[in-house]
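Working notes for the structure below.
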Amino acid sequence: MDVVVERPFAAPRHGLRRADPCAFVIFGASGDLTKRLLLPALYNLAAAQLLADGFCLVGVARGYLSADEFRGNMREALRTYATAKTTPETLDRLLSCCRYVRGDFDDASTYARLQAELDDAARAGGTHGNCLFYLATPPDLFAPVALELGKSGLAREEGGAWRRLVIEKPFGFDLASARALNRELLEVFSEGQIYRIDHYLGKETVQNIMVLRFANGMFEPIWNRDHIDHVQITVAETVSVEQRGKLYDHTGALRDMVPNHLFQLLALTAMEPPNCFAADAVRTEKLKAITAAHLPANDRVLADVVRGQYTAGPVNGKAVPGYRAAGGVAPRSTTETYVAMRLMIDNWRWAGVPFYLRTGKALGARRTEIAIKFKSAPFTPFRDTPVERLTRNLLVLRIQPDEGAALHFNAKIPGPKIRIENVRMDFNYKDYFDEAPSTGYETLIYDCMTGDPTLFQRADNIEAGWRVVEPILRAWRQADGSDLAAYQAGSDGPAAAGELIERGGHEWRPIA
Ligand code: BG6
């Protein structure tokens with residue numbers, strides 16, 4: 001992630017260097033992630049002339065396909081999922097460098113064939129021996145593939161060539177499994193070779209949190225417990241579990257969203273300014289913020305955490321069946337599709353400021369935002385307008401879908417008397433920036449290829465996230481579903497979540 005230049009995928013192409021030449025090896029190349037996101041993102045990078053001439057794409061999968069058939073499938077995928085109209089020239093350029101290796105991921109001969117293909121690509125296309133292994137596989141294959149890469153010598157960096165491993169979420173199922181996975185990966189690759197993706201960090205508006213805070217002089221002086229009353233972080237989705245029932249039923253909203261996406265938003269909001277924009281400076285500050293986060297009391301977790309599950313209801317006018325009726329979901333499942341919690345951050349800046357987090361599926365609107373509520377003015381000189389009746393200032397960072405930021409403050413209603421109303425100053429991304437359509441993966445992939453890990457999760461960041469939610473997982477196991485609250489699909493979530501925040505004297509911003 002380069003700070004001084006324009007983002008790569010907006011129109012300007014000057015000022016950015018092309019990524020290093022490399023072989024981009026995708027394990028699980030016939031899967032959905034490759035078709036829907038990776039390939040369209042690579043296409044956008046090719047169109048922006050950010051791929052090196054020596055770039056080549058190597059698909060590894062189990063299906064019996066010729067290289068030509070693989071290229072045909074990739075062409076078809078781009079026809080369906082490209083984010084902009086494709087041009088034949090760029091399409092042909094990208095597809096002509098596609099190679100395919102068939103094989104089982106636990107079979108040493110697959111890796112021998114991959115090695116031969118990579119040697120050939122280095123000779124023919126000039127990858128310089130650089131190689132990025134992208135694991136677009138189910139999570140139980142992350143460690144086995146990494147181990148095979150180690151055994152076959154493919155993870156070794158020799159003669160100035162780099163080798164990198166990219167891992168998608170879920171990174172572990174709890175703290176113990178995340179630690180175990182980190183241990184296994186680190187037996188083969190060094191920390192500097194591992195790029196753990198959280199796709200929220202690929203979102204422009206998420207990266208903008210740092211710019212808003214640290215590239216402006218006016219926010220930081222008031223960004224603390226002296227001026228901020230509380231913070232609300234919301235990731236509300238209208239989608240239900242749809243076809244993912246079987247997988248989701250073992251995961252639930254907490255594991256799926258909180259230690260990763262929501263904690264990234266929390267860390268960017270709460271972190272101290274890094275000394276510089278170097279990857280480890282940023283990641284260390286984020287780590288400190290997550291490490292300081294905790295539930296108010298470990299012995300009464302359920303007082304500060306609410307879990308919910310949606311029942312049938314209309315979402316955007318369409319009937320959505322209840323969660324338990326979704327394919328692959330156990331009929332008496334107690335898996336949560338909604339979670340809300342109150343966290344405190346134990347440090348000088350945030351002591352006493354609650355951070356309320358909530359996320360859920362099948363809610364009334366899609367909305368990801370961070371709302372920062374400021375404290376009341378200490379005194380009002382306006383007669384008949386006691387300070388309690390004045391609305392407190394609010395800064396809302398809208399992450400998606402309607403990207404921007406709004407500052408809510410009090411203003412005088414025109415007229416002979418002093419009457420006060422809350423007004424809103426609004427910034428909309430689309431009014432200022434002409435952003436090219438993107439998948440959100442372009443920056444992340446470009447950064448992997450240029451060796452910039454700023455937007456990727458270090459092992460310690462991942463483990464810190466799991467450590468915060470571990471008491472919740474434990475308390476839920478003991479409660480055995482007794483605290484699960486129902487909410488109707490299309491609503492703002494369970495009533496218990498409203499009670500949770502009201503106990504602190506606050507209220508949620510409406511979702512819909
Ligand atoms: C994924 C979760 O990581 O993020 C999904 O597994 C969720 O359940 C998705 O729907 C949300 O991503 P976005 O970019 O649509 O907010």
Side-chain angles (χ1 to χ4, degrees), residues 28 31-34 36-38 40-41 81 83 135-140 142 166-174 178 195-209 233-266 268 307-310 315-316 320 323 326-329 333 335-339 357-370 397-403 429 435 437-445 455-457 461-462 465-466 469 489 493 511:
D32 244 27
L33 178 71
T34 305
R36 284 172 186 269
L37 291 166
L38 301 184
Y81 297 114
T83 56
L135 305 193
T137 64
D140 54 337
F142 293 166
V166 185
I167 304 258
E168 280 284 335
K169 77 175 259 281
F171 199 95
F173 187 71
D174 53 18
Y195 288 68
R196 301 174 191 82
I197 283 200
D198 183 314
H199 81 275
Y200 262 54
L201 292 174
K203 294 181 192 286
E204 292 292 344
T205 40
V206 173
Q207 295 167 30
N208 187 49
I209 301 168
I233 300 180
T234 301
V235 180
E237 298 187 274
T238 47
V239 287
S240 57
V241 290
E242 294 169 345
Q243 315 311 322
R244 293 172 65 208
K246 191 157 177 235
L247 186 76
Y248 194 88
D249 212 28
H250 292 289
T251 312
L254 179 71
R255 290 186 167 93
D256 190 37
M257 300 294 287
V258 177
N260 32 63
H261 307 328
L262 273 91
F263 280 6
Q264 287 304 316
L265 300 179
L266 175 129
L268 291 168
R307 58 173 158 169
Q309 189 185 74
Y310 64 85
V315 178
N316 290 335
V320 171
Y323 174 69
V329 171
S333 169
T335 298
E336 79 289 356
T337 59
Y338 177 101
V339 61
L357 275 57
R358 62 180 164 166
T359 181
K361 296 216 179 280
L363 294 170
R366 178 167 182 245
R367 179 192 285 259
T368 298
E369 65 170 39
I370 299 164
L397 310 181
R398 296 193 303 273
I399 308 294
Q400 61 188 18
D402 161 30
E403 300 158 330
Y429 253 78
E435 204 54 23
S438 82
T439 60
Y441 267 68
E442 288 81 355
T443 307
L444 297 174
I445 291 178
L455 296 178
F456 297 83
Q457 300 244 69
N461 289 48
I462 298 255
W466 281 115
V469 300
I511 285 178

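Numbering starts at 1 and runs along the sequence shown. Note that ligands are numbered from 1 as they come in the structure, with each ligand's atoms numbered from 1 the same way. What you see is a predicted model, and the numbers here were worked out from it, not measured in a lab.
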Protein contact to [atom] [nearest heavy atom, distance to 0.1 Å]:
| atom | answer |
| --- | --- |
| atom 15 (O) of ligand 1 | Arg366 NH2, 3.8 Å |
| atom 12 (O) of ligand 1 | His199 NE2, 3.1 Å |
| atom 9 (C) of ligand 1 | Glu237 OE2, 4.0 Å |

(message) Tell me the contacting part of Glu168 for ligand 1: side chain, backbone, both, or neither, using a 4.0 Å heavy-atom threshold, strictly below.
(response) neither
Quick one: pull up [atom1] in [X] and [atom2] in [Y] and give me the separation to the nearest 0.5 Å.
| X | Y | atom1 | atom2 | answer |
| --- | --- | --- | --- | --- |
| Ile209 | Ile399 | CD1 | CD1 | 4.0 Å |
| Ile445 | Thr439 | CD1 | OG1 | 6.5 Å |
| Gln264 | Asn461 | CD | CG | 7.0 Å |
| Tyr248 | Thr337 | OH | OG1 | 5.5 Å |
| Tyr441 | Leu38 | OH | CG | 6.5 Å |
| Thr368 | Arg398 | OG1 | CZ | 12.5 Å |

Find all atoms of ligand 1 within a distance of less than 4.0 Å from any non-hydrogen atom belonging to [X], and give their numbers and elements.
| X | answer |
| --- | --- |
| Lys203 | 13 (P), 14 (O), 16 (O) |
| Arg244 | 5 (C), 6 (O), 8 (O) |
| Gln400 | 13 (P), 16 (O) |
| His261 | 1 (C), 3 (O), 4 (O) |
| Lys361 | 5 (C), 7 (C), 8 (O), 10 (O) |

(request) Report yes if Lys169 has an N/O atom closer than 3.5 Å to an N/O atom of ligand 1; otherwise report no. (result) yes
(message) Check for me whether Asp256 has a heavy atom closer than 4.0 Å to any atom of ligand 1.
(response) yes
(request) Decide whether the shortest distance between a heavy atom of Tyr248 and an atom of ligand 1 is less than 4.0 Å. (result) no
(request) Mark yes or no: Arg255 above the aromatic ring of Phe173, with NZ or CZ under 6.0 Å from the six-membered ring centre and no more than 45 degrees from the axis. (result) yes
(request) Say whether, by atom type as modelled, one donor and one acceptor occur between the side chain of Gln309 and the main chain of Ser333 under 3.5 angstrom. (result) yes
